[in-house]
Student: 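Quick one: the structure is below, and I'll ask about it shortly.
Since the structure is predicted, the reported quantities are computational estimates derived from the model, not experimental observations. The residues of the chain are indexed from 1 along the displayed sequence.
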Amino acid sequence: QVQLVESGGGSVQAGGSLRLSCAHSGYTYSYNYISWFRQAPGKEREGVAAVSRNTGSTYYADSVKGRFSLSQDNAKNTVYLQMKSLKPEDTAMYYCAATIRRLDLGFTLSQRDYSYWGQGTQVTVSS
């Protein structure tokens with residue numbers, strides 16, 4: 001089993017920054033990618049960014065490219081999502097997710113590829 005716990009959400013003004021954390025535990029050898037998703041009220045969940053646990057390489061959705069960055073601390077089994085230049089449209093519940101997707105298949109931000117999910121942390125950006 002895999003457990004994911006998000007933290008770091010909050011309320012900020014437009015242009016501000018937040019850093020989200022995803023602490024993961026359990027069968028840590030079993031999942032190759034960890035990603036962040038978000039879901040705003042009335043909208044579908046969308047993939048934001050992904051990191052390969054093996055190589056540390058990252059992948060971002062166009063909507064956040066250049067503003068968000070992923071990093072990981074493998075010693076702490078934690079993935080961080082640094083968010084800068086936040087916009088009101090970034091307001092959403094942010095979820096951390098893990099997938100056992102094979103490394104050779106590359107990155108995915110499709111939620112159906114992810115088996116393990118955290119409970120989410122709320123991010124609210126005011127104008």
Student: Does any non-hydrogen side-chain atom of Leu103 lie less than 4.5 Å from one of Asn54?
Tutor: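 The answer is yes, as the side chains (C-beta and beyond) meet within the 4.5 Å cut-off.
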
Student: I want to check something: taking the side chain as every heavy atom from C-beta on, are Lys84 and Ser69 in contact at a cut-off of under 4.5 Å?
Tutor: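 No, every pair of side-chain atoms sits at 4.5 Å or beyond.
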
Student: Okay, side chain of Asn74, backbone of Asn77: is any donor-acceptor separation there less than 3.5 Å?
Tutor: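 No, because the side chain of Asn74 does not come within donor-acceptor range (under 3.5 Å) of the backbone of Asn77.
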
Student: Check Tyr60 against Ala49 and note the closest heavy-atom contact, atom names and distance.
Tutor: CD2-CB, 3.5 Å

Student: Under a 3.5 Å threshold, yes or no: a donor from one side chain and an acceptor from the other, between Ser25 and Gln3?
Tutor: yes

Student: Under a 3.5 Å threshold, yes or no: a donor from one side chain and an acceptor from the other, between His24 and Tyr31?
Tutor: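 Yes, because at least one side-chain N or O of His24 sits under 3.5 Å from a partner of the opposite role on Tyr31.
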
Student: For the residue pair Phe37 and Leu109, what are the closest heavy atoms and their distance?
Tutor: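 Taking every non-hydrogen atom into account, CE2-O, 3.3 Å.
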
Student: Please write out which residues are connected to Val5 in a hydrophobic cluster, directly or through intermediates, given that two of Ile, Leu, Val, Met, Phe, Trp, Tyr count as joined at side-chain heavy-atom separations below 4.5 angstrom.
Tutor: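 Besides Val5, the cluster holds no residue at all.
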
Student: Sequence neighbours left out, what pairs pass ring-ring contact (aromatic ring centres under 6.0 Å, His included) with at least one residue falling in residues 63-110?
Tutor: Tyr33-Phe107, Tyr59-Phe107

Student: Between Thr55 and Ser57, does any side-chain donor sit less than 3.5 Å from a side-chain acceptor?
Tutor: yes

Student: Is the shortest side-chain heavy-atom distance between Val12 and Met83 below 4.5 Å?
Tutor: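 Side-chain contact under 4.5 Å: no.
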
Student: Is the closest basic N to carboxylate O distance between Asp62 and Lys65 below 4.0 Å?
Tutor: yes

